[in-house]
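Single-structure report; data block below.
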Amino acid sequence: MGRKAKFDETKKVKKGPGRKAKKQPDPVFKKSLLEDDEEPKKLSHRQKQRVARRAKKKAELVEKRKTLKQAKKNVAKQKEVTVEDAEDSSEEEKEVQGFTDDNKEWLKPKQKSKGKQEENSESDSGHDGGSDVEEESESEDDGKTRNENYKVGTLDDLFEDSDKENGDVSSEDEEASNKLAYNSDSDEEKSDEDEDDDDDMLPIEKANIKLKKKQKVDKQLADEEMQLNIAKQDVFAFPSEEELLNPTSLQDVQQRIKDVVTVLGDFNRLKEEGRSRCEYTDLLLKDLCMYYSYNEFLMEVLMQIFPVQELVEFLEASEISRPVTIRTNSLKTRRRDLAQALINRGVNLDPVGKWSKVGLVVYSSTVPIGATPEYLAGHYILQGASSFLPVMALAPQENERILDMCAAPGGKASHIAAIMKNTGALFANDANKERTKAVVGNFHRLGVVNAIICNYDGREFPNVIKGFDRVLLDAPCTGTGVIAKDPSVKTTKDQKDIQRCFNLQRQLLLAAIDCCNAKSSTGGYIVYSTCSILPEENEWVVNYALKRRNVKLVPTGLDFGTEGFVKYRHHRFHPSLKLTRRFYPHTHNMDGFFVAKLKKFSNVIPEAVNDEEDEAENEDVEKTEDDETRATNDSQSEESEGETTETKNKKGPLKRSADSKGPEPAKKKKNFEQKSAPGPVTPPTDGKNSKKKQKNKKKQNREVDKEKKTDEKSDISTGNQKKHFANKKKKGKGSNSNADESPGSQKVQQTPEKLEVKSAQIKEEKLNTSQSPTKKKKNRKNKNKQSEKNIPENKIASKKAEIPEKVQVEVAKKLKNKQNKKKKQIGQLNTKPPKQQHKQGDIHKKQFKKKV
Amino acid sequence: MFMFYHSVNLIKQKHIIKNVFSIGMNVKLLIDRPDGTYCFREKKDRVYYISERLLQLAQTVKPDHLVSAGTCFGKFTKTNKFRLHITALTYIAPYAHYKIWVKPSMEQQFLYGHHVIKSGLGRITENTPKHQGVVIFTMADVPIGFGVAARSTTECRHADPLATIAFHQADIGEYIRSEDTLT
């Protein structure tokens, strides 16, 4: 009968076993009896049997061990000798070098020697102590590792002390747990005890310990190996020729690239003796070419742009395509609405950044992003983030007339139209007729209605229509910034391609500047951009334009991006070029891009100088020519010093007044003279004059209406200059006696005569409307002078015979002053009759063709 | 009243008017605008809708080099019939009298050039007569093309799910499908 269930809660059911199930209490023994029992319990029969079996097994094992140990000992003893030698030497080395891996090296043999010691430890304890002292004398940080080793050593010898036996199985665990604690200490006695206790371990435990030991050793070895590898890295071994010829794998090449980059990073410390930096960079160049599959030329150019660390980053970034970005068409929708609509279609997107209010980055999409109904309805356009930048820099205003010179496929142009809100007029031009179709499609899709799409060569555009408020020139380029998009750039570009590109870009930029209207109330800006990162196509082109046209750089209005180069290799660009902006794939996570914003401050086109261009073409010839021109320049300056009293027009060379530093090569000069101008058409190039000119320039730039007048003046002045040329000739022929004298003195002697002539001629010009007959007359006059040197006759010829001589001289002086003023104005304006300009343009074209 | 230029001759004008009317909008709205005078211009059988101000600028460009100016509305076929292009949708959609809204499932179908069927029909303007030019919208009011009503509104109610409601004429998918022939 069990306990009755009582379900009412008032009575508590007793817990625990029932009455009948109660255990008997332990028996109580007498004290005397108890004392006897304190002796170790007698083992039961079975226990005894088990113990016997265990002992037997152990004995067998020990036997085996001993035989093994013997064999090991023999080997160890052989090693011992060498190891101890190594120990001594390594101790010395260690203090010198202080490498941790070295310690490990010498610790490894130590472990073996310890094993040897412990084999003898039972018989000879004194030896142990001695070795301990030795160890203590060594540095502290070695201590821990040594302890570990030590422990390993003791474990090794576990099975030697097999005689002792402890029957108490339960104590074994305690001991084992204690052992862990002991292990940290290097107390020998205790560990010895441990060993004794460990004898009673089960085979599986032993196996476990063995395994652990093995693992530890393995780990140690691995560590050592790693340390060795690191050491190897630190001292990067320059590969031999054979290694270079037979590349093993791309991983090796990559590793080598990393190594060389680190070596180049701290060259003085890490370089191999007797190796120059050149060798390393050459190696790097080859490796990079192989690894990223570039051609050597492009890689060389890139190496000149970036420091090596950055270069690798750039190359790496150029392998990965940039995130897809879309631009909201603000003509049709708002970004928030578009984002919502696209998210509903399963597109994962985010705003592109704080800098743009229309850009969205697409991370992932379940639908083709270029074929959604929103796309087809013109709510957005697929456009790289970098393509927003030039338009933002251009900052179009409403009701302006804007030109996009290289518009296809119309991304940037439609952006402009969107910012203008379909007001004003947008000219979208592209040289490629096929690509203009894309522009048409995009414009109609995006609802751009203020656009005129035309198909001209950009260089001809100034002949079509001028006077734009803003001009965007996204010039065709080598595309070194968008290698991720088009990897063929890596291998297909060479020096000629780049040269072709930047020549075209220069011409386009000049054309773009010519199209722009400096007097626009809101604009007068030109934005030049490329998707290339080569300075040849960027800074150099802008620098070129700065010299050729009346433009200056202004901040782009983009608050990020790196500054443009002011120095690049041997080039020294205008300091304002740091206002331009560069964008890199590895730093800004957008395509490589360049943006420069120019402000045109005068519509006048300065005279062309050919210095820089030649520099571009042939750098070899450049130097020699430079020397020549320097020499000529020196002589010129001397002349000008001598000529201070006289008119400075007589100097031959064509030079730009303000900031042309580079001398002009002789060849070009000759060509120029032959082709374009019959005589020197140059303005005076004295310092004072140039300053005055600049002042005048500014004034005249402000005064819009004066232009026509100056044109007239220029006509007259060219006439005058021709006259001067004639005079020169005359002098050369006429004053044979004075031929050896300095030109200054010649002039002083001839001045009165000349002045008269001049005055007469000018009056003549005023009377005669056509120029060509006057020229002839002049020539005749000069001839007369040469032959007869008769002043009155000249007077007659000039129909002013009645004027008395004194008055004549005064008038002549006045006229001369006037003339000079005019010349100054002309010099700074540099206005030429349009025909001449065309000629020059033709020459440029011809040259360009030749180059190509 | 209409400011057509010589380049678009009278017969052609009629065609344009007829076509634009067929969509259900008044050409007058396109010509008499408060923001300036606009006109139609024909170039190589294409008809462009352009403001006079822009037209003057466009005249500086030589005809050979002029690709497009303003908005292309459509073209004259060889038989001198005027055909509206999808590019005219920007102007036509806001003024359209008769509209058809299609369900999201039908959007993609229509953009690939299929007719609108009953099962894809979302809404339709009341009183749409048969064979009336209509503008097709998505349910989010985005114009996606135009066509001709195959059935009147009342007929639609009783049509079976696969019956065609509107014939496809042009859709914005053409921007991709036939970019070359847009102008």
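Letters go in sequence order (proteins before strands), and every chain restarts at 1. Note that the coordinates shown come from a computational prediction; the quantities given were computed from them, not determined experimentally.
Looking at B:Val142, the atoms closer than 4.5 Å to chain A (heavy atoms on both sides) all sit in the side chain, from C-beta outward. Neither the backbone nor the side chain of B:Glu174 comes within contact range of chain A, judged by heavy atoms closer than 4.5 Å. Contacts between B:Thr60 and chain A at a heavy-atom distance below 4.5 Å involve backbone atoms as well as side-chain atoms. Contacts between B:Leu66 and chain A at a heavy-atom distance below 4.5 Å involve backbone atoms as well as side-chain atoms. Of the atoms belonging to B:Asp64, it is backbone heavy atoms, and not side-chain ones, that fall under 4.5 Å from chain A. Residue A:Ala451 touches chain B through its backbone alone, counting heavy-atom pairs closer than 4.5 Å.
With respect to the salt-bridge test (charged N to carboxylate O, under 4.0 angstrom), the residues B:Asp45 and B:Lys78 do not qualify. Salt-bridge formation is not detected for the pair A:Lys437/B:Glu179: no Lys NZ or Arg NE/NH1/NH2 atom is positioned less than 4.0 Å from an Asp or Glu carboxylate oxygen. Look at A:Asp430 and A:Arg435 and you find no salt bridge, because none of the NZ, NE, NH1 or NH2 atoms lies under 4.0 Å from a carboxylate O.
Listed by first then second residue, pairs satisfying ring-ring contact (aromatic ring centres under 6.0 Å, His included) with a partner in residues 409-439 of chain A read A:Phe388-A:His415, A:Phe427-A:Phe468, not counting sequence neighbours. Sorted by first and then second residue, the salt bridge (Lys or Arg N to Asp or Glu O under 4.0 Å) pairs involving residues 441-452 of chain A (not counting sequence neighbours) form an empty list.
Interface check for chain B: of the options A:Gly447, A:Ala438, A:Gly441, the most heavy-atom pairs under 4.5 Å are formed by A:Ala438. Heavy-atom pairs under 4.5 Å with chain A were tallied for B:Ile86, B:Ile176, B:Ile144; the largest tally goes to B:Ile176. Contact count versus chain B (heavy atoms, under 4.5 Å) is highest, among A:Gly424, A:Ala371, A:Ala341, A:Ala377, for A:Gly424. Taking B:Leu54, B:Thr138, B:Thr71, B:Ile50 one by one and counting their heavy-atom pairs under 4.5 Å with chain A, the maximum is reached by B:Leu54.
A side-chain donor from one of A:Thr522 and A:Glu400 sits under 3.5 Å from a side-chain acceptor of the other. Remark: the A:Ser414 side chain and the A:Arg327 side chain contain an N/O donor-acceptor pair separated by less than 3.5 Å.
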